[in-house]
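Written out below as structure tokens is the structure these notes cover.
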Number of protein chains: 2
Amino acid sequence: MSGEGAKLQHLHALKHLALLGGTKRPVRISSREFAEALGASQQAASAALLDLLKLGFIKREITSRKQHITLTDAGVAALAHEHAELRRIFDPQKTVEIEGMVSSGLGEGAYYMAQEGYARQFEAHLGHRPVPGTLNLKLEGDELSKLQMLEAAKGIDIAGFTDKSRTFGGAKLFRCELGGLDGGVVLPLRTHHRDIMEIIARRQLRRALKLKDGDKVAVKVFV
Amino acid sequence: MSGEGAKLQHLHALKHLALLGGTKRPVRISSREFAEALGASQQAASAALLDLLKLGFIKREITSRKQHITLTDAGVAALAHEHAELRRIFDPQKTVEIEGMVSSGLGEGAYYMAQEGYARQFEAHLGHRPVPGTLNLKLEGDELSKLQMLEAAKGIDIAGFTDKSRTFGGAKLFRCELGGLDGGVVLPLRTHHRDIMEIIARRQLRRALKLKDGDKVAVKVFV
DNA sequence: ATTACTAATCATCGAGTAG
DNA sequence: TCTACTCGATGATTAGTAA
């Protein structure tokens, strides 16, 4: 769990190390020089490096007089997450608007969402841990063909996994937005017929958007 | 220096507003909801909005119960800068390595660099305000043809401007790196023959790298 | 030269609450 | 409800300095 506990200043320091080339080769830099790059004191730079080490974001070797710093995979991943968010802001994306009718599921959604193996992956890709449970939208006619279009699209891969008790299949995830809230559309793999679209989000959508069975809502899906 | 200057938490808040769509349309959100998006308290969210207003990064209308927030151009620019840095980390770039001989200029470099109209633009694109003055590298033979290649390339546009006293021409800027320090290669437009390459940086390069006239140095230029 | 500890300072945050 | 103030706690940053 090295990703937890990272503060803004840690990502800032990490970014500067990456800008100095720390993703590819070891950066040879003293805490004094690093401080200059950060616009802070030597002490703050030294502390930042210690924090990044503790977070598992960098590796360090202090050989002779200076230290050789390299970003770990976890460190690169943390920056990649920031990068992805900014890309979402600046790079225009294709969206599909799909309308569906709110319908009650069988409570299965909540069961799957409660699995740590899924929740962790959703958190990584959506940037937040969704509440357990899904909003189920029933699709008809034209909307169904849009769903089939999603099935054909690439999406974010959610890996299957095996618990003590059973095996959970993989799924495909698309970011989406409805009623001003962002969330994700989950499409389990190996489902044959499908006219229900399951949506997960940071908040309980039914409550947040005051939805009840039979309501029609439009979801903007980012392909 | 307390009023000016965006802090990390400001950019963080700004990013979340942008993720909610604030770059395109007004975001209708309460400080309570915004706090939830930020993972902070309502008070912190409210304070962040006030700071962003003071920084000129957002515009706000408080009509009835909720506020309508839009990012200003300055706010978008601040995020774009972050985005550009992360792109530099993740998007592989082409580089040209050019070798030149340290030579004394006529002191012109320092005169131009002292112009606020240039300094401000360099700061925006390099991420720091370069010291006044340039390191001049004299190029010969093969290296000259690499310089011509740079002339042909796109580069970062530095706009010309007019002072009270005179007009300053535009230029082209490339990021570069030498001796582990990053800086920029400045190519003034409307220069015909050229065998000198001017380099600006955050620090006095001569001093930082202990260079003297006649020394050969290699510059890695990011095209 | 370094890195990094300790103590003091200072900025930031959240609780309570006013308007 | 809402925004945003004060204030005390928290935590980050710095100066001084040890190793």
Side-chain angles (χ1 to χ4, degrees), chain A residues 4-17 20 22 26-70 78 180 203 207-210, chain B residues 1-17 20 22 26-70 179-181 203 207-210:
Chain A
E4 283 316 306
K7 303 276 175 52
L8 294 178
Q9 69 269 25
H10 297 138
L11 289 176
H12 183 71
L14 198 61
K15 185 186 72 184
H16 276 278
L17 286 170
L20 293 164
V27 179
R28 187 170 166 278
I29 196 172
S30 72
S31 61
R32 181 73 203 82
E33 292 167 327
F34 187 42
E36 201 165 313
L38 288 178
S41 68
Q42 174 270 324
Q43 293 85 343
S46 178
L49 291 176
L50 288 173
D51 287 348
L52 288 175
L53 278 168
K54 212 175 298 171
L55 287 163
F57 285 175
I58 59 171
K59 280 180 301 200
R60 177 167 70 163
E61 278 181 52
I62 308 185
T63 46
S64 52
R65 299 179 70 81
K66 280 186 187 157
Q67 43 198 339
H68 292 61
I69 300 166
T70 320
R203 297 166 58 187
R207 193 186 311 150
L209 302 175
K210 298 187 175 53
Chain B
M1 300 279 224
S2 46
E4 281 307 306
K7 304 274 175 52
L8 295 178
Q9 70 268 25
H10 297 140
L11 288 175
H12 184 70
L14 198 61
K15 184 186 73 182
H16 275 278
L17 286 170
L20 293 164
V27 179
R28 186 170 166 279
I29 195 170
S30 72
S31 62
R32 182 72 201 81
E33 291 167 326
F34 186 42
E36 201 165 313
L38 287 178
S41 68
Q42 174 270 322
Q43 292 86 341
S46 178
L49 292 176
L50 288 174
D51 288 346
L52 289 175
L53 278 168
K54 213 175 299 172
L55 287 163
F57 285 174
I58 59 171
K59 280 180 301 201
R60 176 168 70 165
E61 279 180 51
I62 307 185
T63 47
S64 52
R65 302 178 66 83
K66 279 185 188 158
Q67 42 198 339
H68 291 61
I69 299 166
T70 320
L181 299 173
R203 297 166 60 186
R207 194 186 311 150
L209 301 177
K210 297 186 177 53

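Here is the naming used below: chain letters follow the sequence lines, and residue numbers restart at 1 for every chain. Predicted model, so just to flag it, every value in this text is computed and none were measured.
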[atom2] on [Y] to [atom1] on [X], rounded to 0.5 Å:
X: B:L8; Y: A:K15; atom1: CG; atom2: NZ; result: 7.5 Å
X: B:L50; Y: B:R60; atom1: CG; atom2: CZ; result: 5.5 Å
X: B:L181; Y: B:L209; atom1: CG; atom2: CG; result: 5.0 Å
X: A:S41; Y: A:E36; atom1: OG; atom2: CD; result: 12.5 Å

*Less than 4.5 Å apart, any side-chain heavy atom of A:L52 and any of A:L17?*
yes

*Please test B:S31 against B:Q67 for side chain to side chain contact (heavy atoms under 4.5 Å, CB included), starting from the C-alpha separation and ending with a verdict.*
CA-CA 8 Å; B:S31 62; B:Q67 42 198 339; 4.1 Å; yes

*How is A:A40 classified with respect to the nucleic acid when contacts are heavy atoms under 4.0 Å: base, sugar-phosphate, or nothing?*
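Sugar-phosphate contact only - A:A40 comes under 4.0 Å of backbone atoms but never of a base.
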
Compare side-chain N and O positions of [X] against OP1 and OP2 of [N] and report whether any pair is under 4.0 Å apart.
X: B:S31; N: D:dT3; answer: yes
X: B:K7; N: C:dA11; answer: no
X: A:R28; N: C:dT2; answer: no
X: B:R32; N: D:dA4; answer: no
X: A:Q67; N: C:dT2; answer: no

How many whole angstroms separate atom [atom1] of [X] from atom [atom2] of [N]?
X: B:I69; N: D:dT3; atom1: CD1; atom2: C1'; answer: 11 Å
X: B:L50; N: C:dA11; atom1: CG; atom2: P; answer: 18 Å
X: A:L49; N: C:dT3; atom1: CG; atom2: C1'; answer: 10 Å
X: A:D51; N: C:dC5; atom1: CG; atom2: C1'; answer: 14 Å
X: B:H68; N: D:dC2; atom1: NE2; atom2: C1'; answer: 14 Å
X: B:I62; N: D:dC2; atom1: CD1; atom2: C1'; answer: 9 Å
X: A:K54; N: C:dT3; atom1: NZ; atom2: P; answer: 17 Å
X: A:Q9; N: D:dT10; atom1: CD; atom2: P; answer: 18 Å

*In this structure, which one of A:L14, A:D51, A:V27 forms a side chain to side chain contact (heavy atoms under 4.5 Å, CB included) with A:I58?*
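Among the candidates, only A:L14 passes.
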
_For A:A13 versus A:F34, what's the shortest heavy-atom pair and its separation?_
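Nearest pair, atom of A:A13 first, then A:F34: O-CZ, 3.6 Å.
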
*Which heavy atom in B:H16 sits nearest to a heavy atom in B:A37, and how many Å separate them?*
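B:H16 and B:A37 have their closest heavy atoms at CE1-O, 3.5 Å.
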
*Taking the side chain of A:S46 as heavy atoms from C-beta outward, which of D:dA4, D:dA12, C:dT3 is closest to it?*
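My answer, after comparing the listed nucleotides, is C:dT3.
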
*Closest nucleotide among D:dT14, D:dA4, C:dT3 to the A:A44 side chain*: D:dT14

So which protein N/O to nucleotides 16-19 of chain C N/O distances come out below 3.5 Å?
| unit_1 | atom_1 | unit_2 | atom_2 | d |
| --- | --- | --- | --- | --- |
| C:dG16 | N7 | B:Q43 | NE2 | 3.4 |
| C:dG16 | O6 | B:Q43 | NE2 | 3.0 |

*For the side chain of A:H10 and the backbone of A:K7, is there at least one donor-acceptor N/O pair under 3.5 Å apart?*
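Yes, A:H10 side chain to A:K7 backbone: donor-acceptor pair under 3.5 Å.
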
*Tell me the stems DNA chain C sits in, counting at least three consecutive Watson-Crick or G-U wobble pairs, each under 3.5 Å on both distances.*
C:2-19 with D:2-19

